[in-house]
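Here's the structure, in structure tokens; my notes come after.
Positions are given from 1 along the sequence. Note that ligands are numbered from 1 as they come in the structure, with each ligand's atoms numbered from 1 the same way.
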Amino acid sequence: MRKGITLLAAAAAAALVLSGCAGEEPGGGPGGSGDKADTSKLYEVNENVDLEGSPTFDAATKAGKIKIGVKEDQPGLGYKDAVSGDRTGFDIEIAKWMAASLGFSEDEITFEAIPSANREQALVNGDIDMYVGTYSITDERKEMIDFAGPYVITGQGLLVLKDNEDIKSEDDLAGKKVCSATGSTPIQNIRDNFPKAKPVEFDVYSQCVDALKDGSVDVVTTDQLILLGYASQEPDELKVVGEPFTTEKYGIGLPKGDDALRHYLNKVLTDGSDVWQGIYDATLGASGVKAEQPKVDDY
Ligand code: GLU
């Protein structure tokens with residue numbers, strides 16, 4: 001598994017860097033570019049939802065709206081265009097698919113941008129019905145919430161300035177200012193396992209990328225998939241270095257104890273491998289890199 005991830009990440013790095021010249025598909029693809037993916041033909045809005053015993057689903061149905069927490073500064077995954085207001089990326093498309101499976105069309109989704117540190121509490125408070133945004137499944141988080149999935153697997157990586165020569169892997173972090181998001185698994189890993197690194201935290205990763213560009217930090221660390229999105233937007237300024245050094249399995253965050261909803265979404269993911277592939281191909285895979293859907297863990 002480790003090897004598969006590493007190979008995929010390396011291939012994704014290569015492909016995303018090259019994505020500017022990969023225009024083989026007619027119409028091109030969205031990748032990290034912020035274009036809107038056309039996934040409308042991959043699935044339909046379910047009109048006969050058979051889901052008993054889910055308080056989350058019942059409340060959303062009553063409201064006629066489903067509230068989904070997302071990221072909006074992570075190109076290729078969860079991104080909001082400042083001008084058009086369009087939300088794009090793999091996570092956004094997974095969110096729309098899950099909503100459609102529950103009978104909610106795109107205009108019946110209320111997206112809410114919530115940073116890493118506030119996700120569990122937003123679900124506990126009932127501010128949102130689910131969260132789809134680079135959200136690693138961990139035992140600690142499972143004490144407060146539940147997860148459907150995983151729906152994709154990545155690992156912690158490193159982003160530096162293009163001309164940086166002294167950080168090549170996680171072995172080079174001693175004495176370096178290492179930036180990540182508050183409440184994330186990568187900042188925790190730095191604090192726990194890299195005692196000589198100097199951790200710097202912000203609410204969201206785009207603040208770390210700004211700090212990298214203005215020289216106030218040396219390196220940004222988070223999931224390789226997220227970092228590749230930033231690097232693909234500014235390939236002349238930024239680069240991803242090294243190999244992924246953790247395993248991050250992305251899940252759909254759900255209110256704790258809503259097992260009916262969790263089993264339902266897990267079945268949608270399991271039965272929907274063609275839809276998953278179509279969504280992947282239209283977003284992260286638009287540069288031509290192949291990936292496989294991970295096996296769902298319906299605990
Ligand atoms: N996947 C990691 C996490 O859930 C890092 C990305 C993020 O902060 O969303 O903490």
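Annotation: T134 places an N or O atom under 3.5 Å from an N or O atom of ligand 1; distance criterion only. By the 3.5 Å distance cut-off applied to N or O atoms, Y135 is not counted among the residues near ligand 1.
Remark: D73 CG to Y79 OH distance equals 8.5 Å, nearest 0.5 Å.
Heavy-atom proximity to K71, at under 4.0 Å, picks out these atoms of ligand 1: 7 (C), 8 (O), 9 (O). Applying the 4.0 Å criterion to heavy atoms of G133 picks out, from ligand 1, the atoms 9 (O). Listed by number with element, the atoms of ligand 1 under 4.0 angstrom from any heavy atom of S116 are 7 (C), 8 (O), 9 (O). Close approach of ligand 1 to S184 is summarised as follows: ligand atoms under 4.0 Å from at least one heavy atom of the residue are 8 (O), 10 (O). Short contacts between ligand 1 and Y250, defined as distances under 4.0 Å to a heavy atom of the residue, involve ligand atoms 1 (N). Using a 4.0 Å cut-off to heavy atoms of R119, the atoms of ligand 1 that qualify are 3 (C), 4 (O), 7 (C), 8 (O), 9 (O), 10 (O). For ligand 1, the atoms lying closer than 4.0 Å to a non-hydrogen atom of I226 are 6 (C). Ligand 1 places these atoms under 4.0 Å from at least one heavy atom of T222: 5 (C), 6 (C).
Residue contacts with ligand 1: Q188 is excluded, as none of its non-hydrogen atoms falls under 4.0 Å. Under a 4.0 Å heavy-atom criterion, T138 is not in contact with ligand 1.
Annotation for L42 and V275: closest pair O-CG2, 3.6 Å, computed over non-hydrogen atoms.
Counting protein heavy atoms only, atom 2 (C) of ligand 1 is closest to T185 OG1, 3.2 Å.
Seen from the ring of Y299, K142 counts as a face-on cation partner, given the 6.0 Å and 45° thresholds.
Ring pair Y131/Y135 is perpendicular by interplanar angle, where above 60° counts as perpendicular and below 30° as parallel.
Scanning for salt bridge (charged side-chain N to carboxylate O under 4.0 Å, His left out) contacts around K198 gives an empty result, with sequence neighbours left out.
Here the side chains of L102 and F57 are in contact, with some heavy-atom distance below 4.5 Å.
With Y250 as the fixed residue, the side chain to side chain contact (heavy atoms under 4.5 Å, CB included) test singles out one of D223, I153, V132, I94: D223. Tested against L238, the residues L227, L161, L228 include a single side chain to side chain contact (heavy atoms under 4.5 Å, CB included) partner, L161.
At a heavy-atom cutoff of 4.0 Å, ligand 1 is contacted by the side chain of R141 but not by its backbone.
More than 12 heavy atoms of other shown residues, nucleotides or ligands fall within 6.0 angstrom of atom NZ in K168.
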